[in-house]
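Notes for the one structure printed next.
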Amino acid sequence: MSNLLENLNEKQREAVLYTEGPVMAIAGAGSGKTSVLTTRIAYLIKKKNVNISNILAITFTNKAAREMKDRVINLTDHLTSEMWISTFHSFCAKILRFHIESLGYKRGFQIIDDDDAKKIIKDILKEEKPEADVKELKQIRTKISRMKNKSNNKNNDFDKGNDLASEIYDEYQKYLFTNNLVDFDDLLLLTIELFKQFPEIKKIYNNKFQYVLVDEFQDTNNVQYELVSLILGDNKNIFIVGDEDQSIYAFRGANIKNIRKFKEDYPDYHIVLLEENYRSTNNILRAANQIIENNDNRIVKKLFSSKGNGELIVKYKGATERDEVEYISKQILKLVRKGFEYRDFAVLYRMNNLSRMFEDNFISKHIPYGIVGNTSFYKRREIKDFIAYLRMILSSSDFFSFERAISNPRRGIGKKTLLKIKDYMYLYDLDIFEAIDKSSEYLGKSVSNKLIIFKESIEDYRNKFEVLALNDFVDYILSDSGYLKALEKDEKFDDRYSNLLEFKSILNENQNIYTESTKQDMLLYLLEDISLKNDENNEDIDNRVTLMTVHSAKGLEFRVVFVIGLENGIFPMIRASEADQLEEERRLMYVAVTRAKELLFLTNANVRNLYGESKHTVESLFVKEIDDELLSVEGYDSYTRGTGSFRTSGQVRTSKMLSSILPKKAASIIKRKSNLDNYKENDLNKGDKVEHTKFGEGMVISIAGDNCVIAFEHPHGIKKLLKDHAAITKK
DNA sequence: TGAGCGTACGCCCCG
DNA sequence: CGTACGCTCA
């Protein structure tokens, strides 16, 4: 028992042992807050005999939730299924799965993402106000989401003169409700509504959750704060962990003032300050402190560490962004030779499109990498198309998915027809299948027939779903629907098809989690998991360099960190003109810097190509906030100013030469995130026999760079493919 | 209906 | 530079 606390310092122990009543832990970066949270949970279970199902822990990211679960399992030997450790959104989804029928929705509701929401709003705007300027779309979209994030009462946010946004909002909610869909914001809002409207339901959870823990409290918005209060009821055993210096989500309504509000709402709170850092060397911490000191609105906090000063922080400026990339990949290879592993590195950037330039370079140097984020796997067109089919298995009232499924592949059903079906559905209060049954009454005969055929195939899929293994079921839909056949014409067929295969294996792996449920429920939960996630979950497993935004790096640590694109206008972002926005950017910089354990590289380029324009850059003001004595200057600056060593200036020349020698890759092989998974080195030569997972047997006709031409048997014929694609096996 | 082309525009971050 | 969307024509 006592060994639970063995590795904690005095302050951390205090945070663990103070179990009763409200506690606020101010946890600096790298101060071991996850240890505190998990040890506290373990302590409650083992020492205080609290049942694990009476504890609720809320995090902001799936990653954090996963990590916390793993660590609690290690400490307590309890099963994951008993644990309520989740993000706000998946917590709400779980509650709503049980109770949403009280609010008039159906149990099998589906969760839509941001893109879907945008699409729906756009359609509504077009239908309701065809004369409205398309530019208004963005404003309306922003308004609706801001409104949903700030307050539960929509009237708060609309000025009375502007009823267009309000009108669209109502239509949008109506659309979601009719189609049994909820967006991310609804997950929170509907849960709040549920607790408010049904005190008896609220009471169940008030009694259940005797101990509530909230991670990253500085990032809660008003809606989330209200939700926490509702979950607590009269209970005061609330433990929050936060660090206002790491508040980086103001753009989605995060409110630092919630920390102050907490103090007012729970006046007898106990506060613990965690300032000892276990992550970074003191040079890195000093730089972080020097940066964040420039923010006015903060409680002064000083991080310290017993790790010694460590290496100087390297500041590198490339002549162009190509040099920047080249420098980084060289450093990585150099450090790998010295014993670092690829997984020890992270490349952090302010905006996603800066990652693009790394892909060519890393591929050509065979540096394994994974890009976390943006073009999320689940947002890819082929994946969303397939999900639409799966949703059709579960629901005949989800018009949104119907629209997508019936249009991919094209079945000769266009916008006009879909609109007529929709109108008919609303007019007679029918679901999609009923409206299709009657379609001969309001549509032409051939169109009506096509619809009925589609309906029948969905019905067929529903039957097959019950009898086929999931793997076979996926294959069946893909071929029977004609989706695969149509996809073959797509120039990105290779990518898209391997994504579908990957999706199939994700479904297959995850189905085992839900063995107790019915098959329908299993699918429902699988789809829910997918909607709430935006990552592939396997970043940690492979040994590879991580590329991600600073936002997604929060909570993580790496031995070596490169923060790139440190130029005014990029980081800090150009719009950060107002003081509080600049302070948020600075907190973001603080987060970036404090990810590094041993080595920190701050890089930029003298000339950068952005949005098709080549421009001279100005070094980020955040870099200037770091004392020179902490920095070792390399690259362009040291070269031109003549202050650098001979070695560094030599490096610049080498990298310039290399970047001009490096062949420019064809656009077709610029690859995105998952592609290292699809990558394997095939030693192919002209005349080799190969096996392709999709096309079967074939023979190599020619090899040109990374591409090869292979002749397959009928009906596939001659294909131009990536030589190293994982689908190809030499025979 | 939908493929194909030309034009406008973006300053991003998450569940 | 990319892409997303609107328009035109088969």
Side-chain angles (χ1 to χ4, degrees), chain A residues 58-65 86-93 111-115 117-119 122 126 134-135 137-138 142 145 148-149 182-188 216 219-221 223-224 247-254 321 348-357 372-376 378-379 381 406-418 444 446-447 450 486 489-490 528-535 548-555 565 567-577 581 584-585 587-588 591-592 608-615 667 670 672:
Chain A
I58 295 175
T59 62
F60 265 77
T61 60
N62 289 304
K63 203 177 220 149
S86 63
T87 62
F88 269 109
H89 291 86
S90 61
F91 167 79
C92 291
I111 301 159
I112 59 160
D113 67 21
D114 244 27
D115 294 339
K118 217 189 263 169
K119 220 166 139 190
K122 194 177 142 201
K126 267 189 188 165
V134 197
K135 277 174 191 159
L137 174 72
K138 243 202 124 175
T142 320
S145 102
K148 283 189 155 190
N149 275 308
V182 303
D183 66 17
F184 284 123
D185 299 324
D186 284 341
L187 287 170
L188 300 169
E216 309 276 13
D219 286 328
T220 53
N221 63 30
V223 173
Q224 288 158 339
S247 169
I248 54 176
Y249 284 103
F251 70 90
R252 66 170 201 212
E321 73 267 19
L348 307 183
Y349 34 83
R350 180 63 179 87
M351 20 185 223
N352 268 306
N353 53 0
L354 293 184
S355 70
R356 207 174 300 141
M357 57 187 193
V372 177
N374 200 33
T375 319
S376 152
Y378 298 117
K379 286 192 169 151
R381 198 175 62 198
I406 202 166
S407 310
N408 295 286
R410 288 272 149 206
R411 293 181 170 86
I413 306 291
K415 273 186 188 139
K416 284 263 150 59
T417 310
L418 287 168
S446 77
V447 176
K450 284 180 201 159
K489 287 186 208 144
D490 195 313
E528 179 177 306
D529 276 357
I530 289 162
S531 309
L532 292 169
K533 277 177 193 147
N534 74 342
D535 50 30
M548 61 180 147
T549 64
V550 183
H551 278 89
S552 31
K554 189 153 86 147
E567 295 148 25
N568 287 342
I570 294 179
F571 199 175
M573 188 121 269
I574 201 155
R575 283 199 295 182
S577 46
Q581 284 174 327
E584 172 125 340
E585 293 288 316
R587 288 192 292 270
L588 203 51
V591 168
R608 182 176 301 274
N609 220 318
L610 205 62
Y611 305 119
E613 268 182 300
S614 234
K615 274 189 175 165
I670 291 181
R672 296 230 151 259

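First the proteins, then the strands, lettered A, B, ... as listed; each starts at 1. We use all heavy atoms of the structure for the numbers below, so side chains are in, but hydrogens, waters and symmetry mates are not. Since the structure is predicted, the reported quantities are computational estimates derived from the model, not experimental observations.
For A:Asn62, the listed nucleotide lying nearest its side chain is B:dG15; candidates were B:dC14, B:dG15, C:dC5. Distance from the side chain of A:Ser552 is smallest to B:dC14 among C:dG2, B:dT1, B:dC14. Nearest nucleotide to the side chain of A:Met573, out of B:dC11, B:dC13, B:dG2: B:dC11. For A:Lys122, the listed nucleotide lying nearest its side chain is C:dC5; candidates were C:dC5, C:dG2, B:dG15. Among the nucleotides C:dG2, B:dG15, B:dA3, the one closest to any side-chain atom of A:Arg410 is B:dA3. Closest to the A:Phe184 side chain, of the nucleotides B:dC14, B:dT1, B:dG15, is B:dG15.
Ring pair A:Tyr249/A:Phe60 is parallel by interplanar angle, where below 30° counts as parallel and above 60° as perpendicular.
Within the 4.5 Å cutoff, side-chain heavy atoms of A:Leu354 are placed close to those of A:Ile570. Counting heavy atoms from C-beta outward, A:Glu567 and A:Glu321 have side chains that stay 4.5 Å or more apart. Using a 4.5 Å heavy-atom threshold, the side chains of A:Ser86 and A:Thr59 count as separate. Counting heavy atoms from C-beta outward, A:Leu588 and A:Arg350 have side chains that approach closer than 4.5 Å. Side-chain contact between A:Leu418 and A:Ile406 is present, with heavy atoms from C-beta onward closer than 4.5 Å.
B:dC11 and C:dG6 have their C1' atoms separated by 23 Å, given to the nearest Å.
One finds no side-chain N or O of A:Ser90 lying less than 4.0 angstrom from the OP1 or OP2 phosphate oxygen of B:dG15. Dashed line: the shortest gap from a side-chain N or O of A:Thr549 to OP1 or OP2 of B:dC14 is under 4.0 Å. Dashed line: the shortest gap from a side-chain N or O of A:Thr61 to OP1 or OP2 of B:dC14 is not under 4.0 Å.
Note on A:Phe60: only backbone sugar-phosphate atoms sit closer than 4.0 angstrom, heavy atoms only; bases stay farther off. Among the protein residues, A:Asp219 comes within range of no part of the nucleic acid, since none of its heavy atoms lies under 4.0 Å from any strand. Using a 4.0 Å heavy-atom cutoff across all strands shown, A:Asp185 reaches at least one base atom of the nucleic acid.
A:Ile570 places its CD1 atom 18 Å from the P atom of B:dG10, with the value rounded to the nearest Å. Protein atom CG of A:Asn221 is 16 Å distant from nucleotide atom P of B:dC14, rounded to whole Å. One atom, CG of A:Leu532, and another, C1' of B:dG15, lie 7 Å apart when rounded to the nearest Å. When the P atom of C:dG2 is taken as reference, atom CG of A:Asn352 falls 16 Å away, rounded to whole Å. In this structure, the CD atom of A:Glu584 is 13 Å from the P atom of B:dC14, given to the nearest Å. A:Asn353 places its CG atom 11 Å from the P atom of C:dG2, with the value rounded to the nearest Å. We find that CD1 of A:Ile112 is positioned 17 Å from P of B:dG15, with the value rounded to whole Å.
With a cut-off of 3.5 Å on both pairing distances, the Watson-Crick or G-U wobble partner of C:dC5 is B:dG6.
Residue-nucleotide stacking is present for A:Phe251 and B:dC13, judged by a side-chain ring centre under 5.5 Å from the six-membered base ring centre and planes under 30° apart.
For the pair A:His551 and A:Ile413, both in contact range of DNA chain B, the more 5′-proximal nearest nucleotide belongs to A:Ile413.
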